[in-house]
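Here is the structure we will look at, set down as structure tokens.
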2 protein chains.
Amino acid sequence: MADSLAENKKNQAGNVPSEGIFFQGRLHGALAHRLAVDILKGNYKPGDILPHQIDSVESLNSTRTPYREAIRILAAKGLVESRPKRGTQVCERSRWNLLDPEVMGWMFETTPTDAFIKALFELRLINEPAAAELAAERRRPEQLSQMYASLMIMKEETLHTERGRIADLEFHKQLLLGTQNELLISLNSSIGSAIAWSTKFKSSDPIGSRDSWPDHLRVYEAVADRDSRAARFSMEALVRTALEDTRRSQGWKTASLSLESHT
Amino acid sequence: MADSLAENKKNQAGNVPSEGIFFQGRLHGALAHRLAVDILKGNYKPGDILPHQIDSVESLNSTRTPYREAIRILAAKGLVESRPKRGTQVCERSRWNLLDPEVMGWMFETTPTDAFIKALFELRLINEPAAAELAAERRRPEQLSQMYASLMIMKEETLHTERGRIADLEFHKQLLLGTQNELLISLNSSIGSAIAWSTKFKSSDPIGSRDSWPDHLRVYEAVADRDSRAARFSMEALVRTALEDTRRSQGWKTASLSLESHT
DNA sequence: TCTGACCCATTTATCTTACAATTAAAAGAG
DNA sequence: CTCTTTTAATTGTAAGATAAATGGGTCAGA
């Protein structure tokens with residue numbers, strides 16, 4: 001727990017140039033990551049005050065400058081708020097920037113609650129069918145061909161390989177790009193890390209999890225045909241199937257979401 | 001342009017405790033704000049390299065520590081990326097965290113493009129009716145009474161006063177809270193600052209801008225009655241009206257959005 | 001002569017260290 | 001109870017040492 005982040009960083013630097021997500025190479029990134037996970041896990045609860053800079057810094061084998069930068073990162077994402085004399089306080093959960101891609105990623109390092117997963121699928125169920133509808137009307141040839149390419153990779157790799165999952169992400173990304181709406185595109189980068197998690201989770205499940213490829217194909221065809229109604233409908237089916245699979249592999253007892261179908 | 005931020009801060013500290021949004025009291029906040037606006041305005045374009053830390057620091061009358069914290073804030077929001085030797089580079093627009101409430105706020109300090117406003121209304125049109133539907137099913141008494149209180153204030157204050165606009169924001173916030181979906185709630189804090197802008201803009205428009213109060217009342221009644229279909233329908237009407245007004249006061253020639261009604 | 005890999009210097013961000021200033025909460029005096 | 005003083009925490013300043021990555025140069029091989 002109180003081991004040296006600085007040393008860890010040094011080792012990492014000697015081995016591989018990019019460890020991936022966990023260590024972003026910089027010390028302040030590692031600090032931010034550690035603190036964020038502690039907050040999201042609930043080790044520090046909203047309203048709690050973090051130990052002062054000097055103490056924290058000593059127990060983490062760092063110095064103040066990187067620590068303060070880490071705090072700034074967390075503050076930028078609405079996780080903490082620091083004021084002189086009071087100290088650095090964890091913000092209320094409602095002020096957290098849950099849609100921030102990094103926060104979303106950190107969230108999934110801690111086995112999120114069922115409520116969170118449901119909220120996420122609700123958000124997908126609201127936005128992705130609508131996005132498919134818009135994409136059917138506005139998509140450009142580039143997006144269409146990229147979607148097709150991803151579709152082909154998905155067909156032969158399935159979701160059990162890394163390449164296959166990347167292709168899945170790429171498919172959704174290109175669909176969002178097709179909407180020509182930069183806010184929906186921005187939403188995608190948040191939801192993307194969530195999809196990555198849920199597909200990875202499903203692919204490790206031996207039993208259930210039907211093949212979602214036909215669903216993707218139908219979405220593609222609808223978008224290619226500029227059939228906005230079919231695009232919405234098939235995307236909704238896709239998300240609902242994904243929800244069902246996740247629901248089953250999580251062993252939820254509750255019924256599915258209460259959102260009506262609006263097609 | 002190259003005046004002293006440090007002095008400015010000192011003056012401000014002597015006058016009022018909180019200038020509001022522009023100066024968040026701290027120097028790194030002011031630096032981040034200035035740089036962010038420069039980026040969002042397009043003074044620095046994606047791919048551009050900001051001047052070296054040492055040069056920047058001199059021209060801004062600051063020192064390196066606060067400057068670096070400012071850079072960390074911007075990096076946390078996906079606006080820049082800094083690496084040794086290369087310097088600090090402005091990221092591609094698609095990587096910007098547009099849904100971040102602060103970024104959204106900065107966006108509206110620079111008269112955003114028509115495309116951005118349209119994207120925003122599209123997002124509202126997708127999410128808020130669905131949120132109203134969920135809120136109708138799940139809202140608790142607290143949210144209902146808060147919505148009612150806001151509604152009353154809106155009635156007597158209208159959108160021409162600050163209190164009235166705050167009540168408007170509160171109404172939407174409570175509706176989102178009623179969904180019991182923390183991701184939709186998080187979306188609200190982003191959209192909130194946007195609504196604040198558009199209502200303020202409309203209220204300064206002498207001519208058009210119908211009174212949106214009846215629309216709000218209908219939404220409230222539907223949510224109170226737990227009538228999810230009516231809630232969705234009336235909320236969609238409300239957003240479309242707001243869009244129409246904005247469209248008119250902006251003098252757009254283009255037709256309204258192409259999203260179909262799904263009620 | 002051209003191509004490629006490898007090594008090295010330079011530039012830049014990053015980290016360390018030490019100290020001064022500001023802020024706001026809390027304690028104390030009138 | 002109000003006003004002042006104290007005090008503990010973050011914030012800002014300054015400068016030097018470290019480490020990382022790009023770009024260029026060298027050298028070997030085709």
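Just so you know, these numbers come straight off a predicted model, no measurement behind them. Quick note on labels: first sequence line is chain A, next is B, and so on, each numbered from 1.
Here the P atom of nucleotide D:dT10 and the CD1 atom of A:Ile54 are 7 Å apart, to the nearest Å. In this structure, B:Gln89 places its CD atom 14 Å from C1' of D:dA21, rounding to the nearest Å. As rounded to whole Å, 11 Å separates atom P of D:dA9 from atom CD1 of A:Ile49. Between the NE2 atom of A:His28 and the P atom of C:dT16 there is a distance of 12 Å, given to the nearest Å. Rounded to an integer number of Å, the gap from B:Arg64 CZ to D:dT13 P is 13 Å. A straight line from CZ of B:Arg26 to P of D:dT13 spans 13 Å, rounded to a whole angstrom. Whole-Å rounding puts the A:Glu81 CD to D:dT10 P distance at 14 Å.
When atom types are taken as modelled, the side chain of A:Gln143 and the backbone of A:Arg140 share a donor-acceptor pair closer than 3.5 angstrom. In this structure a side-chain-to-backbone donor-acceptor pair under 3.5 Å is present from B:Asn181 to A:Ala119.
A:Phe171 meets the ring-ring contact (aromatic ring centres under 6.0 Å, His included) test with A:His216; sequence neighbours excluded. Taking the salt bridge (charged side-chain N to carboxylate O under 4.0 Å, His left out) definition, one finds that A:Glu170 meets it with nothing, sequence neighbours left out. Annotation: ring-ring contact (aromatic ring centres under 6.0 Å, His included) contacts of A:Tyr220 (sequence neighbours excluded): A:Tyr148.
Residues B:Ile191 and B:Arg124 form a side-chain contact, since some pair of their non-hydrogen atoms from C-beta on lies under 4.5 Å apart.
Side-chain atoms of A:Arg68 and A:Ser82 form no donor-acceptor pair, as typed in the model, at a separation below 3.5 Å.
For the pair B:Thr65 and B:Leu50, both in contact range of DNA chain C, the more 5′-proximal nearest nucleotide belongs to B:Leu50.
Evaluation of the salt bridge (charged side-chain N to carboxylate O under 4.0 Å, His left out) test over residues 74-83 of chain A, restricted to residues two or more places apart or in two chains, returns A:Lys77-A:Asp100, A:Lys77-A:Glu102, A:Glu81-A:Arg95.
Of the residues in residues 66-73 of chain B, those placing a heavy atom less than 4.0 Å from an atom of DNA chain C are B:Arg68, B:Arg72, in numerical order.
A salt bridge is defined here as a Lys NZ or Arg NE, NH1 or NH2 lying under 4.0 Å from an Asp or Glu carboxylate O, and A:Glu69 with B:Arg64 fails to meet this definition.
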Interface polar pairs with nucleotides 8-12 of chain C, N/O, under 3.5 angstrom:
unit_1, atom_1, unit_2, atom_2, d
C:dT11, O4', B:Lys85, NZ, 3.4
C:dT12, OP1, B:His52, NE2, 2.9

